[in-house]
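Order of the sequence lines sets the chain letters (A, B, ...), proteins ahead of strands, with each chain counted from 1. Please read all numbers here as calculations on a predicted model, not as lab measurements.
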Amino acid sequence: MTNTLSRRKEAFKPIRPGKVTIYCCGVTVYDLCHLGHARSYIVWDVLRRYLIWKGYIVNFVQNFTDIDDKIINKASSEKLSMEDVSARNIREFHQDMDALGIMRPDRMPRATDSLDSIRSLISNLQEKGFAYSVDGDVYFSVMKHSNYGQLSGRDLTNQYINPEGRVDKDDENKKQNAFDFALWKSAKTGEPSYPSPWGNGRPGWHIECSAMVLEQLGETIDIHLGGADLIFPHHENEIAQSETATGKKLANYWMHNGMVNVSGQKMSKSLGNFTTIRSLLNSGVSPMTLRLFVLQAHYRKPLDFTKESLEAATSGWQGLNLALNIGIDYEHILLWSKYQKGDLNITLKTNNQTPESLKKHHQRFIALMNDDLNTSGALSILFDLGRPLRSLSNKIKTGHYSKSSVQDDHSSFLRWNLLVHLAKVLGLKGENIKSQSSISSCELDVEFIEHSIELRKRAKVSKDFATADRIRNELNNIGVELFDKPGGITEWHINE
RNA sequence: GGCGGCAUGGCCAAGCGGUAAGGCAGAGGAUUGCAAAUCCUUUAUCCCCAGUUCGAAUCUGGGUGCCGCCUCCA
């Protein structure tokens, strides 16, 4: 895996054999999540699934930042409490993540529940002389930390200071150095606040993560995750705080995902170029399409979101989904349930009946995933596995299927089994797309439609294709599309 | 100005020194009265220049273009 700390690929070695501790930076719960968040959590979900699949016991912790200026602003504009806004957005977050098939983290601590450890961590830093308080604020003294900049490769003397006046002036006057950052902020009137040795106030942004890592996972963890935009200053500051307090390394591996771009620019709330996960799902984009969209690019590279790229993912997913569903959709013909499922890994290794090509696909998949989570490459294995299965389903659909030899039939089954198994490692699951025609049919006269189809059928039998096409066009005009299937069956769907 | 990253067919995208995965779109074909859907087949020498090497998309040096970070951010 590429370790941001060393900027190179390193072999992964956990602190304790067989166990992995992971901390993933979560969201600030002030609004719905957008596609950028989706990418981050899909990618880390795949990392987690893969580690579990490889046999590791993974302890995955992800926080909710539920104390923040943006939440406070939102609350005041909606005349709600900060807690109300947070609670609502945590619910929405879960709804979106569940829909995307992202496994829930083992623990999801909140800043509001971690105040004790936050306060004691700040006291610790103060006792060590790395923090100073000014009028109820407490700041971390960046210049005292000798390794500051190790993660982001920065030399503070060369950084922009207070660029374009984007930094709070009051804050700046209190700081001893422009790069010092707040550990604790005194409360302004009317703001939610919590008691502390420095007066009423609330924690700064970075300290909660340091406190939570320590409280939930210990002094040193295996992997720390987050978006590339968090490298500086967030993660740099986290390292400074944690390592000063404990004297230990915070995380052995740091992994960062690339941004989602919109016409070459980062998707973000402030630029207003974002698309929420919710609106995508509501517009009929399937969760699995979004996973495919995300996983088709390497996690560290920027990923451009366009209408075309989404359409490509949609079509791609349809094909893969077809292959994933073959054993279920055509079970009545294939009768694959007669085969023992068993342990696929053992079957692949020990059974000499297993075709070499399947073993190769399996090995290749692992090699690609081992190589810094090459999901794009791993997907190509899935498509390769799926191709013959799609052919098979086409034969069945067009009535050209005939029972193959027992051996071929069994290897088709194994192929399907392997495909479903590997897809699951990427969190991709077959979706049943049958019976969509009944969704909003209440608005339409079903009897009329079916009567029309019957009339058209008669016209077709008597080779009156002009009438047949006219009926189809008329139905099309009222939003009903007809599809002739083998065996004289006509299906209809409602067009949006 | 500092730090980091990227540049591969019409579009997206893998590739990590041994002769270009995969997806989408397009084209041709199968199927179909025609459609749609589905399946089959098929399309590149890798931004530019110089070098290292038997051999480079892959390494080195120099360009050019784009992006991220240096407020908040996944």
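A:Arg104 has a carboxylate O that lies under 4.0 Å from a charged side-chain N of A:Asp98, or vice versa, which qualifies the two as a salt bridge. Between A:Asp384 and A:Arg364 there is no salt bridge, since no side-chain N of the basic residue sits under 4.0 Å from a carboxylate O of the acidic one. At a threshold of 4.0 Å, the pair A:Asp371-A:Lys9 counts as salt-bridged, since one of the basic side-chain nitrogens sits closer than that to a carboxylate oxygen. A salt bridge is defined here as a Lys NZ or Arg NE, NH1 or NH2 lying under 4.0 Å from an Asp or Glu carboxylate O, and A:Arg48 with A:Asp106 meets this definition. Under a 4.0 Å N-O distance rule, the pair A:Lys174/A:Asp137 qualifies as a salt bridge. Checked for salt-bridge contact, A:Asp69 and A:Arg202 meet the test: a charged N lies under 4.0 Å from a carboxylate O.
For the pair A:Trp254 CH2 and B:rC3 P, the computed distance is 22 Å after rounding to whole Å. Rounded to an integer number of Å, the gap from A:Glu308 CD to B:rA25 P is 12 Å. When rounded to the nearest whole Å, the span between CD of A:Gln296 and C1' of B:rC24 equals 8 Å. When the P atom of B:rC70 is taken as reference, atom OH of A:Tyr148 falls 11 Å away, rounded to whole Å. The distance between atom CE of A:Met369 and atom C1' of B:rA21, rounded to the nearest whole Å, is 16 Å. Straight-line distance from the CG atom of A:Asn370 to the C1' atom of B:rG15: 17 Å, rounded to whole Å. Rounded to whole angstrom, the span from the CZ atom of A:Phe305 across to the C1' atom of B:rC67 amounts to 19 Å. In this structure, A:Leu156 places its CG atom 18 Å from P of B:rC69, rounding to the nearest Å.
The side chain of A:Lys70 has B:rC72 as its nearest neighbour among B:rA13, B:rC72, B:rA74. The side chain of A:Gln159 has B:rC70 as its nearest neighbour among B:rA74, B:rA21, B:rC70.
Toward the 5′ end of RNA chain B lies the nearest nucleotide of A:Ser380, the other residue of the pair A:Ser380 and A:Tyr30 mapping further downstream. When each of A:Ile381 and A:His298 is assigned the nucleotide of RNA chain B with its nearest heavy atom, A:His298 is the one assigned upstream, toward the 5' end.
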Verdict with supporting geometry, A:Arg470 and A:Asp464, salt bridge (Lys or Arg N to Asp or Glu O under 4.0 Å): CA-CA 10 Å; A:Arg470 185 175 51 76; A:Asp464 181 3; over 6 Å; no
Please test A:Lys185 against A:Glu191 for salt bridge (Lys or Arg N to Asp or Glu O under 4.0 Å), starting from the C-alpha separation and ending with a verdict. CA-CA 11 Å; A:Lys185 294 175 177 178; A:Glu191 281 182 355; over 6 Å; no
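Between the side chains of A:Ser376 and A:Asn374, not a single donor N or O lies within less than 3.5 Å of an accepting N or O. Side-chain contact of A:Thr65 with A:Glu208: a donor-acceptor pair under 3.5 Å is present, judged by distance alone. Counted by atom type alone, A:Asn237 and A:Tyr148 present one or more donor-acceptor pairs between their side chains at under 3.5 Å. Judged purely by distance below 3.5 Å, without hydrogens or angles, the side chains of A:Thr157 and A:Asp155 pair a donor atom with an acceptor atom.
Nucleotide B:rC3 is matched to B:rG68 when pairs are restricted to Watson-Crick or G-U wobble geometry with both distances under 3.5 angstrom. Using Watson-Crick or G-U wobble geometry with both donor-acceptor distances under 3.5 Å, B:rG33 finds no partner in any strand shown. Remark: B:rA21 base-pairs with no nucleotide in the shown strands. Criterion, Watson-Crick or G-U wobble with two distances under 3.5 Å. Of the nucleotides present, none pairs with B:rU58 by Watson-Crick or G-U wobble criteria with both distances under 3.5 Å. B:rU45 makes up no base pair with any nucleotide shown, lacking Watson-Crick or G-U wobble contacts both under 3.5 Å. For B:rG28, the paired base is B:rC40 (Watson-Crick or G-U wobble, both distances below 3.5 Å). Base pairing analysis places B:rC16 opposite nothing; no Watson-Crick or G-U wobble pair with both distances below 3.5 Å involves it.
If you take atom P in B:rA25 and the same atom in B:rA37, they sit 9 Å apart, rounded to whole Å. For the P atom pair drawn from B:rA21 and B:rA14, the interatomic distance equals 15 Å after rounding to whole Å. Rounded to a whole angstrom, the distance from the C1' atom of B:rG5 to that of B:rG18 is 28 Å. Rounded to whole Å, the C1' atom of B:rG23 lies 34 Å from the corresponding atom of B:rU60. B:rG9 and B:rA44 are spaced 4 Å apart, taking the C1' atom of each and rounding to whole Å.
Here the side chain of A:Glu236 pairs a donor or acceptor atom with the backbone of A:Gly149 at under 3.5 angstrom. Looking at A:Thr21, its side chain does come within 3.5 Å of a backbone N or O of A:Asp222 through a donor-acceptor pair.
Between A:Lys266 and B:rA74, a side-chain N or O to OP1/OP2 separation shorter than 4.0 Å is absent. One finds no side-chain N or O of A:Thr306 lying less than 4.0 angstrom from the OP1 or OP2 phosphate oxygen of B:rC12.
At a threshold of 4.0 angstrom between heavy atoms, the contacts of A:Ser152 are confined to the sugar-phosphate backbone, with no base atom among them. Across all strands, A:Asp155 comes closer than 4.0 Å to no nucleic acid atom at all (heavy-atom distances). Residue-level contact check: A:Gly26 touches the backbone only, with heavy atoms under 4.0 Å from sugar-phosphate atoms and none from bases. When heavy atoms are screened at a 4.0 angstrom cut-off, A:His400 is found touching no nucleic acid atom at all. Within the 4.0 angstrom heavy-atom criterion, only backbone atoms of the sugar-phosphate kind lie near A:Phe383; the bases stay farther away.
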List the atom pairs, with distances to 0.1 Å, where a side-chain N or O of residues 36-44 of chain A and a protein N or O form a donor-acceptor pair under 3.5 Å, not counting sequence neighbours.
unit_1	atom_1	unit_2	atom_2	d
A:His37	ND1	A:His34	N	2.9
A:Arg39	NH1	A:Gly258	O	2.9
A:Arg39	NH1	A:Met259	O	3.1
A:Arg39	NH1	A:Lys301	O	2.7
A:Arg39	NH2	A:His298	O	2.9
A:Arg39	NH2	A:Tyr299	O	3.4
A:Arg39	NH2	A:Lys301	O	2.7
A:Ser40	OG	A:Trp44	NE1	3.4
A:Ser40	OG	A:Asn257	OD1	2.9
A:Tyr41	OH	A:Cys25	O	2.9
A:Trp44	NE1	A:Asn257	OD1	3.4

In the 5'-to-3' direction, what one-character label does each nucleotide of nucleotides 34-41 of chain B receive under the scheme B = base within less than 4.0 Å of a protein heavy atom, S = sugar-phosphate only, - = no such atom? BBB-BSS-
Contacts under 3.5 Å, N or O only, protein and nucleotides 5-9 of chain B:
unit_1	atom_1	unit_2	atom_2	d
B:rA7	OP1	A:Lys301	NZ	3.2

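For the segment residues 36-44 of chain A, residues with any heavy atom less than 4.0 angstrom from an atom of RNA chain B are, sorted by number, A:Gly36, A:His37, A:Ser40, A:Tyr41. Applying a 4.0 Å cut-off to non-hydrogen atoms, the residues of residues 222-238 of chain A that approach RNA chain B are A:Gly226, A:Gly227, A:Asp229, A:Leu230, A:Phe232, A:Pro233, listed by residue number.
At a cut-off of 3.5 angstrom, the base of B:rC16 holds at least one donor-acceptor pair with the side chain of A:Lys9.
When the side chain to side chain contact (heavy atoms under 4.5 Å, CB included) test is applied to A:Arg110, the partners found at least two apart in sequence or on another chain are A:Phe64, A:Asp66, A:Ile90, A:Thr112, A:Asp113.
Classified by interplanar angle (parallel below 30°, tilted 30° to 60°, perpendicular above 60°), the ring pair A:Trp254/A:His224 is parallel.
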